[in-house]
Colleague: 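Dropping a structure here in structure tokens format, bear with me for questions.
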Amino acid sequence: MGWLEGKIALITGGGAGLGLALTRRFVKEGARILVMERDAERAAKVKDELGDKVEIHVGDVTSYADNEAAVAKAVESFGQLDCFVANAGVFDFFKPLAEYKGDELAAAFDELMAVNLKGGLLGARAALPELVRSKGNMIFSISNSGFYTGGGGPVYTASKHGVVGLVRQLAHELAPKVRVNGVAPGGMHTNLSGLKATDTDNQSLKAMEGFDELIIGITPLRMAPTPEQYCGPYVLLASEENAAPTTGVVINTDGGLGVRGIMNVNGGDELEI
């Protein structure tokens, strides 16, 4: 019997990358999953693979109506909701402030924040009534960029710092009825894509040449973890048996960056005025 036997979870961005790894792992631990995914083809593949252990809602996390519909489908399909995992995200591909034009920066900010920060907030609000009923929990996917510089550009880093604040504020507001925690993974090869505003929406970290070598080089553990290797802390936090006293916590799974930091960032040496 798994740690999540009989539990029902809603995972956003559950059709690829870390979200897909989480969906598979939660199912392995005995849970049933409502996958919220904006790509219908990815969603269909998850359903084909995992069958009646999952249901799918094709929708956009930036829409409150879509989040509300996903929660309703989870309850209709499985009878309740025990865990909301805010995992959907987009990336800025390390683009520094000086390389943005003003209008481009404004558009990139609005697009990225809508998914990475607002999407989690909307999903949390939509899931809240059901989680109060079940005395459930929320888990937010953060990043090493929620704590350190150099893991993204200024827009992405700001968004993930914002999610850390959101975890702490919601943990404060929702106790004792709902636990709220986060996991902050380090880098990994996933389908995490970019932004329409910067013409990077068709790019992904999976396609970045030398990415694994970069991660190995900057982490004390000298490893480039797979999405599957990041799933354990989510299972722990979702488990009432194992994490009942735990709220307002972010588990850092960043290969040890917290003891050394990212050393290969030069700052503003190349800036010219």
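Along the sequence shown, residues are numbered consecutively beginning with 1. Heavy-atom basis, side chains included; hydrogens, waters and symmetry copies ignored.
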Colleague: Count the heavy atoms belonging to other residues, nucleotides or ligands that lie under 6.0 Å from CD of Glu241, then report whether that count exceeds 12.
Modeller: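 Atom CD in Glu241 is not crowded, with 12 or fewer foreign heavy atoms closer than 6.0 Å.
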
Colleague: Measure across Tyr156 and Ile142 and return the closest heavy-atom pair with its distance rounded to 0.1 Å.
Modeller: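 Reported closest heavy-atom pair: OH-O, 4.4 Å.
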
Colleague: Treating Lys53 as the side-chain partner and Ile33 as the backbone partner, does any N or O pair qualify as donor plus acceptor under 3.5 Å?
Modeller: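 Checked: no pair found.
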
Colleague: Work out which heavy atom in Pro129 is nearest to a heavy atom in Ala126; give both atom names and the distance.
Modeller: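 Nearest pair, atom of Pro129 first, then Ala126: CD-O, 3.6 Å.
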
Colleague: Spell out, yes or no, whether Leu50 and Leu4 are grouped together once hydrophobic residues are joined by side-chain heavy atoms under 4.5 Å, including indirect joins.
Modeller: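 Yes, one cluster joins them.
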
Colleague: Find the distance between CE (Met138) and CG (Leu174) and round it off to the nearest 0.5 Å.
Modeller: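 It comes to 5.0 Å.
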
Colleague: Please confirm whether the backbone N or O of Ala69 pairs with a side-chain atom of His57, one donor and one acceptor, at under 3.5 Å?
Modeller: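 Between the backbone of Ala69 and the side chain of His57 there is no qualifying donor-acceptor contact (under 3.5 Å).
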
Colleague: Can you find a pair of side-chain heavy atoms, one from Thr247 and one from His172, that are under 4.5 Å apart?
Modeller: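 Result no, sub-4.5 Å side-chain heavy-atom pair not found.
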
Colleague: Report yes or no: do Thr157 and Tyr148 form a side-chain donor-acceptor pair below 3.5 Å?
Modeller: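 Judged by distance alone, the side chains do not pair up.
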
Colleague: With a 4.5 Å cut-off on side-chain heavy atoms, are Val180 and Asn137 touching?
Modeller: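 Side-chain contact under 4.5 Å: no.
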
Colleague: Is there a donor-acceptor pair under 3.5 Å between the side chain of Asn144 and the backbone N or O of Asp254?
Modeller: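 Not at all, since once roles are kept as given, no pair shorter than 3.5 Å links the two residues.
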
Colleague: To the nearest 0.5 Å, what is the distance between CG (Leu34) and OG (Ser77)?
Modeller: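 The OG atom of Ser77 is 6.5 Å from CG of Leu34, to the nearest 0.5 Å.
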
Colleague: Any idea which heavy atoms bring Val54 and Thr23 closest together, and the distance?
Modeller: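 In terms of heavy atoms, the two residues are closest at CG1-CG2, 4.0 Å.
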
Colleague: I'd like to know if the side chain of Asn252 reaches the main chain of Pro185, judged simply by a donor and an acceptor atom lying under 3.5 Å from each other, with no hydrogens or angles considered.
Modeller: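 A pair under 3.5 Å: no.
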
Colleague: Write down the atom of Glu130, the atom of Val71, and the distance for their closest heavy-atom approach.
Modeller: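 Residues Glu130 and Val71, closest heavy atoms: CG-CG1, 3.9 Å.
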
Colleague: Enter the distance from Phe78:CZ to Leu10:CG here, rounded to the nearest 0.5 Å.
Modeller: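 One finds 10.0 Å between CZ of Phe78 and CG of Leu10.
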
Colleague: Atom CZ of Arg222 and atom CD1 of Ile215: how far apart are they, to the nearest 0.5 Å?
Modeller: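 Those atoms lie 12.5 Å apart.
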
Colleague: With a 4.5 Å limit on heavy-atom distance, are the side chains of Thr12 and Val85 in contact?
Modeller: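 They are not in side-chain contact.
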
Colleague: Between Leu170 and Val178, does a side chain to side chain contact (heavy atoms under 4.5 Å, CB included) hold up when you go through it step by step?
Modeller: CA-CA 9 Å; Leu170 294 185; Val178 178; over 6 Å; no

Colleague: With distance as the sole test, does Asp82 use its side chain to make a donor-acceptor pair with the main-chain N or O of Gly136 at under 3.5 Å?
Modeller: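 The answer is no, because no donor-acceptor pair under 3.5 Å joins these two groups.
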
Colleague: So Asn67 and Met36, do their side chains get closer than 4.5 Å, heavy atoms only?
Modeller: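 Met36 reaches Asn67 side chain to side chain.
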
Colleague: Step by step, would you call Val90 with Leu195 a side chain to side chain contact (heavy atoms under 4.5 Å, CB included)?
Modeller: CA-CA 7 Å; Val90 289; Leu195 307 171; 3.7 Å; yes

Colleague: Any side-chain heavy-atom pair from Leu20 and Lys45 closer than 4.5 angstrom?
Modeller: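 No, too far: nothing below the 4.5 Å cut-off.
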
Colleague: Counting distance only, does the side-chain N/O of Ser239 pair as donor-acceptor with the main-chain N or O of Val235 below 3.5 Å?
Modeller: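 No; judged by distance alone, with no hydrogens or angles, the pair does not exist.
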
Colleague: Would you find a donor on one side and an acceptor on the other, under 3.5 Å apart, between the side chain of Ser159 and the backbone of Leu117?
Modeller: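 Absent.
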
Colleague: Does Lys47, at its NZ atom, have more than 12 non-hydrogen atoms belonging to other residues, nucleotides or ligands within less than 6.0 Å?
Modeller: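 More than 12 within 6.0 Å, yes.
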
Colleague: Going by the rule side chain to side chain donor-acceptor pair (under 3.5 Å), which residues pair with Glu173 if we only count those two or more places apart in sequence or in a different chain?
Modeller: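 With neighbours one apart ignored, the set is Gln169.
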
Colleague: With Thr200, which residues qualify under side chain to side chain donor-acceptor pair (under 3.5 Å), at least two apart?
Modeller: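 Thr198.
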
Colleague: Less than 3.5 Å apart, any donor N or O on the side chain of Asp201 or Gln203 sitting next to an acceptor on the other?
Modeller: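 Note: Asp201 and Gln203 side chains miss the donor-acceptor criterion.
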
Colleague: Report the C-alpha separation of Arg32 and Glu55 in whole Å, then their side-chain angles, then the decisive distance to 0.1 Å, and conclude whether the salt bridge (Lys or Arg N to Asp or Glu O under 4.0 Å) test is met.
Modeller: CA-CA 8 Å; Arg32 289 174 291 173; Glu55 288 295 338; over 6 Å; no

Colleague: Please name all residues satisfying side chain to side chain donor-acceptor pair (under 3.5 Å) with Thr62, sequence neighbours left out, ordered by chain then number.
Modeller: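 Listed in chain order: Asp60.
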
Colleague: Do Tyr234 and Ile11 belong to the same hydrophobic cluster, where Ile, Leu, Val, Met, Phe, Trp and Tyr are linked whenever their side-chain heavy atoms lie under 4.5 Å apart, directly or via other members?
Modeller: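 In one cluster with Tyr234: Ile11, yes.
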
Colleague: Where the side chain of Asp39 meets the backbone of Glu41, is there a donor-acceptor pair that is under 3.5 Å apart?
Modeller: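 Yes; at least one donor-acceptor contact below 3.5 Å.
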
Colleague: List the atom of Ala184, the atom of Phe147, and the distance in Å for their closest heavy-atom pair.
Modeller: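 Reported closest heavy-atom pair: CB-CE1, 3.9 Å.
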
Colleague: How far does CG of Asn116 sit from NZ of Lys160, to the nearest 0.5 angstrom?
Modeller: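 Here the interatomic distance stands at 4.5 Å.
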
Colleague: Is there a side-chain contact between Asp212 and Leu214 in this structure, where contact means two heavy atoms from C-beta onward sitting under 4.5 Å apart?
Modeller: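 No, too far: nothing below the 4.5 Å cut-off.
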
Colleague: Around atom CZ of Phe109, are there more than 12 heavy atoms of other residues, nucleotides or ligands at under 6.0 Å?
Modeller: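 At most 12 heavy atoms, drawn from other residues, nucleotides or ligands, come within 6.0 Å of this atom.
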
Colleague: Using side-chain heavy atoms (C-beta onward) and a distance below 4.5 Å, is Met188 in contact with Leu18?
Modeller: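 Yes - at least one pair of side-chain heavy atoms lies under 4.5 Å apart.
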
Colleague: CZ of Arg42: more than 12 outside heavy atoms within 6.0 angstrom?
Modeller: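 Check passes, neighbour count above 12.
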
Colleague: Using the rule that two of Ile, Leu, Val, Met, Phe, Trp, Tyr join whenever any of their side-chain heavy atoms come within less than 4.5 Å, decide whether Ile251 and Val163 are in one cluster.
Modeller: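 No, because Ile251 and Val163 fall into different hydrophobic clusters, even though each may have its own neighbours under 4.5 Å.
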
Colleague: Working note: Phe84 + Ile139, criterion side chain to side chain contact (heavy atoms under 4.5 Å, CB included); need CA distance, chi angles, decisive distance, verdict.
Modeller: CA-CA 6 Å; Phe84 167 65; Ile139 306 171; over 6 Å; no

Colleague: Mind checking whether Val164 and Leu122 sit in one hydrophobic cluster, side chains of I, L, V, M, F, W, Y counted as touching below 4.5 Å?
Modeller: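 Different clusters.
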
Colleague: I need the Gln80 CD to Leu131 CG distance, nearest 0.5 Å.
Modeller: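 So the CD of Gln80 and the CG of Leu131 are separated by 10.5 Å.
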
Colleague: Would you check if Tyr230 and Pro225 make a side-chain contact, meaning some heavy-atom pair closer than 4.5 Å?
Modeller: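 The answer is yes, as the side chains (C-beta and beyond) meet within the 4.5 Å cut-off.
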
Colleague: Do any pairs count as a salt bridge (Lys or Arg N to Asp or Glu O under 4.0 Å) and have a residue in residues 96-124, sequence neighbours left out, and if so which ones?
Modeller: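 Salt bridge (Lys or Arg N to Asp or Glu O under 4.0 Å) check on residues 96-124 returns Lys95-Glu104.
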
Colleague: Specify the closest pair of heavy atoms between Pro154 and Pro96, including all atoms of both residues, with the distance to one decimal.
Modeller: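 Of all heavy-atom pairs spanning Pro154 and Pro96, the closest is CD-CA, 4.1 Å.
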
Colleague: Scan residues 179-198 for pairs that pass salt bridge (Lys or Arg N to Asp or Glu O under 4.0 Å), counting only residues two or more places apart or in two chains.
Modeller: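 For residues 179-198: Arg179-Glu240.
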
Colleague: Any chance you could lay out the side chain to side chain contact (heavy atoms under 4.5 Å, CB included) test for Leu81 and Ser134, step after step, and finish with the verdict?
Modeller: CA-CA 7 Å; Leu81 182 64; Ser134 65; 5.6 Å; no

Colleague: Applying a strict under-4.5 Å side-chain criterion to I, L, V, M, F, W and Y, I'd like to know whether Leu237 and Val132 cluster together.
Modeller: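 They do not share one cluster, since no chain of ILVMFWY contacts under 4.5 Å joins Leu237 to Val132.
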
Colleague: May I have all residue pairs that pass salt bridge (Lys or Arg N to Asp or Glu O under 4.0 Å) and include part of residues 7-27, sequence neighbours excluded?
Modeller: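 Counting only pairs at least two positions apart or across chains, the salt bridge (Lys or Arg N to Asp or Glu O under 4.0 Å) contacts touching residues 7-27 are Arg24-Glu49, Arg25-Glu29.
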
